[in-house]
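Convention: sequence-line order gives letters A, B, ...; per-chain numbering from 1. Every heavy atom of this structure was used, including side-chain atoms; hydrogens, water molecules and symmetry mates were not.
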Amino acid sequence: MRWSRYFWYTSKEDPADAEAPSHKLLIKGGFIKQVSSGIYEFNPPGVKVLRKIENIVRKEMDRSGALEVLLTVLNPSELWKETGRWDLYGRELFTLRDRNGRDYCLGPTHEEEITDLVRSYVNSYKQLPLILYQIQVKFRDEKRPRFGLIRGREFIMKDAYSFDTDEMSAMISYENMKFTYDRIFKKLRLKTLMVEASVGAIGGISSHEFVVLTDYGEARVAYCDNCNYAANAEIVKLSKPKEEEEKEKPLEKRYTPNTDTIEKLSSYLGVPSGKIIKAVLYIVEDKEPVMFLIRGDRSIDENKVEAFLGTENFRLADDQEVWNILKTKKGFIGPFNLPNKVKVYWDNSTYGIKNAVIALNEPDYHYVGANPGRDFNYGEFVDVCQVENGDPCPKCGSPLRVSKGLELGHIFLLGTRYSEPMKAYYRDHTGQEKPIIMGCYGIGISRCISAIVEQYSDEKGIKWPTPIAPFELDIICVNTSDQEQREVAEKLYLLAKELDIDVIYDDRDESPGFKFADADLCGFPYRIVVGKKVKEGKVELQSRHTGERWDMEIDKVIEEVKRLVDEDKK
RNA sequence: CGGGGUGUGGCGCAGGCGGCAGCGCGCUGGCAUGGGGGGCCAGAGGUCACGGGUUCAAGUCCCGUCACCCCGACCA
């Protein structure tokens with residue numbers, strides 16, 4: 001490709017609206033362009049990267065025995081009503097109506113459609129097991145799109161679905177996909193971590209996420225360096241700590257004005273926040289008040305709350321509700337003198353605290369020196385505490401490490417969540433009718449682009465791994481008005497094409513510095529600079545990854561690039 | 001959906017105290033250049049997000065709407 005004839009425009013300035021490095025670089029480098037919040041179009045080099053990723057994924061899926069299909073983007077509501085998700089999926093579902101008043105959705109995922117496809121052909125155990133996949137655009141009307149391709153409302157996903165006769169067989173399909181995902185991310189040069197994940201409301205049997213550790217992820221991931229345990233933070237169980245050993249002080253009611261936060265209370269009383277028992281009031285299903293008590297230096301993990309309550313329909317009580325229910329204000333909520341309708345749960349972290357500070361639902365007052373058994377009694381214990389760095393590993397007790405993670409893949413053993421309501425049945429060898437056991441497996445393809453940029457970039461720009469790079473080689477002619485340099489560059493370009501190197505020749509009439517800056521930004525793994533040294537029969541070969549530069553004979557440089565590129569792609 | 005912020009040539013920004021709409025990059029033409037977004041000359045390009053209001057006069061003040069970004073809760 002000659003750059004002067006290509007459609008590729010970079011920017012000198014950082015885009016104003018981008019925050020994450022991958023978002024900035026992809027826009028600045030002219031790979032993508034924003035159309036609307038969470039909606040991006042791909043320019044030619046962006047498409048090249050996307051296709052290379054897709055093809056790596058496709059190759060590994062095919063190798064696993066999965067078969068590619070292409071389902072529809074526009075999906076009639078009927079199937080979604082069969083599984084109840086037309087209503088359950090909520091406002092995240094993009095819906096529309098045709099001229100005859102029929103409802104459709106733009107597919108956010110395709111369990112319904114794939115199950116419909118399979119049930120229309122599969123009747124017998126002889127046709128199973130089966131894994132089908134597709135690579136296709138998905139639509140989700142996210143509450144908050146973020147960070148470019150990291151969370152979009154329109155994005156490219158690889159979704160696969162397995163169909164098995166029984167749970168044992170389904171487990172084998174699941175393991176197959178786990179293995180395949182591991183290969184895929186290695187081929188994409190992504191350093192991923194496989195973590196145990198919540199099966200959530202889908203009610204599946206097993207679930208794992210593949211995440212990369214980055215500040216621009218939205219999941220919290222806990223992992224143990226000692227025993228290799230790794231899990232999404234929301235499912236890491238925290239049990240009761242040891243009882244504190246401390247001499248009990250007398251109970252005292254103290255005037256504590258304006259202490260509506262733990263920090264203020266802690267500094268007002270000169271007591272560490274870990275000695276405070278914090279009470280948080282939630283309103284469940286818009287009516288039922290539920291109080292959680294937790295140690296003052298810890299936070300509530302609302303994912304755990306959701307799992308415990310069995311509903312996502314809950315929220316913090318507002319000031320008015322706190323007053324109406326408890327006759328107090330925020331900061332002074334406690335487990336004493338409660339109306340009967342308030343349910344109270346004690347997080348494990350509150351166990352064994354001696355000489356605690358605790359509120360009593362009386363504005364501007366707290367108890368100090370409160371001790372369990374003597375001054376108050378625990379109720380039912382629960383685990384709703386957010387996991388933090390250093391918490392004990394549930395497997396081996398070593399300190400956990402907690403990081404932000406970006407979820408690139410998620411695999412699920414679904415069971416019969418879709419096959420049962422949609423009557424996707426088969427006959428077993430005795431002639432008995434049984435529901436198919438399903439699994440589903442996703443990879444955010446467009447999100448992978450961002451993840452790769454997050455992992456491979458520096459202040460100058462992107463450093464694409466060779467298998468994913470928009471071009472493997474960039475040829476720059478320093479002085480375009482020098483006849484000899486132009487001829488050499490031209491010759492090398494044609495030779496590189498001859499050898500099937502994915503090459504771009506920067507033949508634009510721009511200053512050398514301009515082209516160097518673009519080359520760094522756009523992230524070509526190899527660059528040949530044709531300059532003054534052509535007089536000595538030499539050009540310069542550079543590696544974007546290592547920064548190395550070598551003077552090479554003009555006659556040998558392309559073969560060397562070919563060797564390096566082939567090595568990288570192994 | 002709660003909280004915060006921003007909307008001014010293609011891009012990045014200034015102007016905000018009401019009185020000729022500016023700068024840098026990019027773009028067009030020309031000249032000199034050619035190893036790190038380089039120099040000189042001459043140009044083109046704007047419904048100041050939208051709607052309403054105050055005023056002799058609004059980019060600027062007031063009210064409303066919309067869009068986008070960031071922080072939180074949810075998905076690949």
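- Checked against ring pair (Phe, Tyr, Trp, His ring centres under 6.0 Å), Tyr89(A) has the following partners two or more places apart in sequence or in another chain: Trp80(A).
- For Ser37(A), the side-chain contact (heavy atoms from CB on, under 4.5 Å) partners at least two apart in sequence or on another chain are Pro145(A), Arg153(A).
- Between the side chain of Asp520(A) and the base of rG36(B) there is at least one donor-acceptor pair of N/O atoms closer than 3.5 Å.
- Between Arg151(A) and Glu407(A) no salt bridge is recorded (no basic side-chain N to carboxylate O distance below 4.0 Å).
- In this entry the distance linking CG of Asp506(A) with P of rG35(B) reads 15 Å, nearest Å.
- Using a 4.0 Å heavy-atom criterion, one finds that Gly152(A) contacts the bases of the nucleic acid, with or without backbone contacts as well.
- The nearest whole Å value for the distance from the CG atom in Asp509(A) to the P atom in rG37(B) is 16 Å.
- Taking the charged nitrogens against the carboxylate oxygens, Arg447(A) and Glu454(A) have no contact shorter than 4.0 Å, which rules out a salt bridge.
- The CZ-C1' distance, from Phe139(A) to rA76(B), rounds to 15 Å in whole Å.
- Annotated as anti: rC68(B), whose O4'-C1'-N torsion sits more than 90° from 0.
- Atom-to-atom, CG of Asn232(A) to P of rA76(B) comes out at 11 Å; the value is rounded to the nearest Å.
- For Asn176(A), the side-chain contact (heavy atoms from CB on, under 4.5 Å) test picks out Ser64(A), Ile131(A), Thr180(A), with sequence neighbours left out.
- Here the C1' atom of nucleotide rG35(B) and the CD atom of Gln485(A) are 10 Å apart, to the nearest Å.
- Using a 4.0 Å heavy-atom cutoff across all strands shown, Thr10(A) reaches at least one base atom of the nucleic acid.
- Atom P of rG19(B) sits at a distance of 11 Å from the matching atom of rA58(B), rounded to the whole Å.
- The nearest heavy atom of RNA chain B to Leu521(A) and to Glu302(A) marks one nucleotide each, and the one closer to the 5' end goes with Leu521(A).
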Could you pull out the protein-nucleic contacts involving nucleotides 66-72 of chain B (nitrogen or oxygen on both sides, under 3.5 Å)?
{"residue": "rC68(B)", "atom": "OP1", "partner": "Ser36(A)", "partner atom": "OG", "Å": "2.9"}
{"residue": "rC68(B)", "atom": "OP1", "partner": "Ser37(A)", "partner atom": "N", "Å": "3.0"}
{"residue": "rC68(B)", "atom": "O3'", "partner": "Gln34(A)", "partner atom": "NE2", "Å": "3.4"}
{"residue": "rC68(B)", "atom": "O2'", "partner": "Asp17(A)", "partner atom": "OD2", "Å": "3.0"}
{"residue": "rC69(B)", "atom": "OP1", "partner": "Gln34(A)", "partner atom": "NE2", "Å": "2.9"}
{"residue": "rC69(B)", "atom": "OP2", "partner": "Ser37(A)", "partner atom": "OG", "Å": "2.9"}
{"residue": "rC69(B)", "atom": "O3'", "partner": "Asp17(A)", "partner atom": "O", "Å": "3.3"}
{"residue": "rC71(B)", "atom": "OP2", "partner": "Arg144(A)", "partner atom": "NH2", "Å": "2.5"}
{"residue": "rC71(B)", "atom": "OP2", "partner": "Arg146(A)", "partner atom": "NH1", "Å": "3.1"}
{"residue": "rC71(B)", "atom": "N4", "partner": "Arg144(A)", "partner atom": "NE", "Å": "3.3"}
{"residue": "rG72(B)", "atom": "OP2", "partner": "Arg146(A)", "partner atom": "NH1", "Å": "3.2"}

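- Glu407(A) comes within 4.0 angstrom of the backbone, heavy atoms only, and of no base.
- Here the separation of rA76(B) from rU65(B), taken at their C1' atoms, is 34 Å to the nearest Å.
- For an aromatic pair to be called close, the ring centres must be under 6.0 Å apart, and Tyr418(A) with Phe163(A) fails this.
- Look at Lys138(A) and you won't find any side-chain N or O under 4.0 angstrom from OP1 or OP2 of rA76(B).
- Put simply, the side chain of Asp518(A) and the base of rG37(B) share a donor and an acceptor less than 3.5 Å apart.
- Each of Glu209(A) and Val530(A) was assigned the nucleotide of RNA chain B with the nearest heavy atom; the assignment lying further toward the 5' end belongs to Val530(A).
- Considering only residues two or more places apart in sequence or on other chains, Tyr133(A) meets the ring pair (Phe, Tyr, Trp, His ring centres under 6.0 Å) condition with none of them.
- Heavy atoms of Arg527(A) sit under 4.0 angstrom from at least one base atom.
- Comparing the same atom, C1', in rA32(B) and in rA21(B) gives a spacing of 34 Å after rounding to whole Å.
- Using a 4.0 Å heavy-atom cutoff across all strands shown, Arg91(A) reaches no nucleic acid atom at all.
- Atom CG of Asn479(A) is separated from atom C1' of rG36(B) by 15 Å (rounded to the nearest Å).
- Interface remark: the Ser481(A) side chain does form a donor-acceptor pair with the rG34(B) base, using a distance-only criterion of under 3.5 Å.
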Restricting both atoms to N or O, compile the protein contacts to nucleotides 22-32 of chain B shorter than 3.5 Å, with distance only.
none

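- Scored by the side-chain hydrogen bond (donor to acceptor under 3.5 Å, both in side chains) test, Asp182(A) finds Lys186(A) as partners (sequence neighbours excluded).
- Checked against salt bridge (Lys or Arg N to Asp or Glu O under 4.0 Å), Glu560(A) has the following partners two or more places apart in sequence or in another chain: Arg563(A).
- Taking the charged nitrogens against the carboxylate oxygens, Asp391(A) and Arg298(A) do have a contact shorter than 4.0 Å, which makes a salt bridge.
- With sequence neighbours excluded, no residue satisfies side-chain hydrogen bond (donor to acceptor under 3.5 Å, both in side chains) with Tyr505(A).
- Judged as a ring pair (Phe, Tyr, Trp, His ring centres under 6.0 Å), and not counting sequence neighbours, Phe516(A) has no contacts.
- Residues in residues 36-63 of chain A take part in these ring pair (Phe, Tyr, Trp, His ring centres under 6.0 Å) pairs, two or more places apart or across chains: His23(A)-Tyr40(A).
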### Query
So what is the 5' to 3' dot-bracket string for RNA chain B, if pairs are Watson-Crick or G-U wobble with both distances under 3.5 Å, crossing pairs use [ ] and | means the partner sits on another strand?
((((((((.[[[[.)...(..]]]].(((((.......))))).....[[[[[..)....]]]]])))))))....

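- In this structure, Ile443(A) reaches neither bases nor backbone, as no heavy-atom distance under 4.0 Å exists between it and the strands shown.
- Distance CZ (Phe516(A)) to C1' (rG36(B)): 7 Å, rounded to an integer number of Å.
- The separation between Ile53(A) atom CD1 and rA76(B) atom P is 18 Å, rounded to whole Å.
- Among the heavy atoms of the strands, none lies under 4.0 Å from Asp141(A).
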